[in-house]
Amino acid sequence: MAAAVTYEPIKTCKQSGARLGKVHTPHGVIETPAFMPVGTQATVKTMSPEELKTMDAQIILSNTYHLFIRPGHDIVKAAGGLHKFMNWDRPILTDSGGFQVFSLSNMRKITEEGVTFKSHLNGDKLFLSPEVAMEIQNALGSDIMMAFDECPPFPAEYDYVKKSLERTTRWAERCLKSHSRPEDQGLFAIIQGGMHEDLRRLSAEQLTSMDFPGYAIGGLSVGEPKHLMYEVLDYTTPLMPANKPRYLMGVGSPDALIEGAIRGIDMFDCVLPTRIARNGTCMTSEGRLVIRNAKHATDFGPLDPKCSCYTCKNYSRAYIRHLIKADETFGIRLTTIHNLHFLLQLMRDVRGAIQEDRLLDFRDEFFASYGLNDN
Ligand SMILES: CC(C)(C)OC(=O)NCc1c[nH]c2nc(N)[nH]c(=O)c12
């Protein structure tokens, strides 16, 4: 049976080992390495689908846990699925809910069967399991679904991480067995194993012995130092099939995206650009800019002189600072447009640098200006 999601390798960067590829899905092709804007509750906060297309967001992420507790996957299914519900006709990836339960819900009990927890909205007692996570994602109709996993806290005891990854493997197998729409939805497994090379290897071996259309690296960007994350990537990405997409979950910042691409990662997601936009922090080619700083009050230039986004073409730092300080929603829309465009443009530049076999040079040039100052 034709797989719903396939990876087409295009080229490997001679200088860095990074790779260009295409992920084919039922709702279109994603040129990788790619950044996925996060739309947790069926919206990338304050953005319209048209605005996301203008900045060429190729794929967005949404969350099983959040849509399960509100509005309920039955309503989304009745609407014709998540694409129809949110008027987005490009690819959608849904995360499986496990991670969100561990990070959002306070009272929870993990057993072999699954996770019992209290809704962070109204305290209702709820249950998620591999089978329930698959039923929800099948109802949402996302193009790429994530297996139900446990993301161990950081730091965590070696024995706990080992037992957890082995349960995550058994849960992944249950997801594979209960997947009811493999012909039009791809299911990615999630490699865990904390910061331990032998456990990452064990998790990768167990999961790649089962045939998933794609593989993710979970359990990183959980508070560990960046150099440790890069070390884990150094020995984990080579264990992942070269002919399948490699997705690094929860990452990330501009530097982490470049370093991840260099280590062979194809897909990334992170709430950073949209989250920091809400308090007026902007990513610019010369580092982070905190628009609330008084020095921007009479600065009538753009957020980033090198940026071509709608915000930078039409509005000044002074105006955006005024809106953010006045808690005007339009201010958050402008900083969100800019931050998303910034990361999407960065990934276009990364793909261009891979095409020209110069990603390491690009990294050095980017860091030289990005690390300039934290203004
Ligand atoms: C703390 C942040 C969110 C930045 O990163 C992580 O937690 N990183 C790990 C992560 C993010 N999203 C996931 N989804 C799932 N199913 N499993 C995971 O391990 C993760």
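Numbering of ligands and ligand atoms starts at 1, following listing order.
Using a heavy-atom distance under 4.0 Å as the criterion, the protein contacts of ligand 1 are Asp95, Ser96, Phe99, Asp149, Cys151, Ile190, Gln192, Gly218, Gly219, Leu220, Ser221, Val222, Met249, Gly250.
Between Phe342 and Phe366, the angle of the ring planes lies from 30° to 60°, which puts this pair in the tilted group.
Side chain to side chain, Asp95 and Gln100 meet the donor-acceptor criterion of an N or O pair below 3.5 Å.
Side-chain heavy-atom separations under 4.5 angstrom define the hydrophobic clusters, and the remaining members of the one that includes Leu93 are Val5, Tyr7, Val23, Ile30, Met36, Val38, Ile59, Leu61, Ile144, Met146, Phe188, Ile190, Tyr247, Met249, Met267, Val271. Cluster partners of Leu239, using a side-chain heavy-atom cutoff of under 4.5 Å among ILVMFWY residues and allowing indirect links: none.
Annotation: side chain to side chain contact (heavy atoms under 4.5 Å, CB included) contacts of Ile337 (sequence neighbours excluded): Met47, Glu51, Met55, Tyr310, Thr311.
For Arg263 and Tyr230, the positive end sits near the middle of the six-membered ring, less than 6.0 Å away and at most 45° from its axis.
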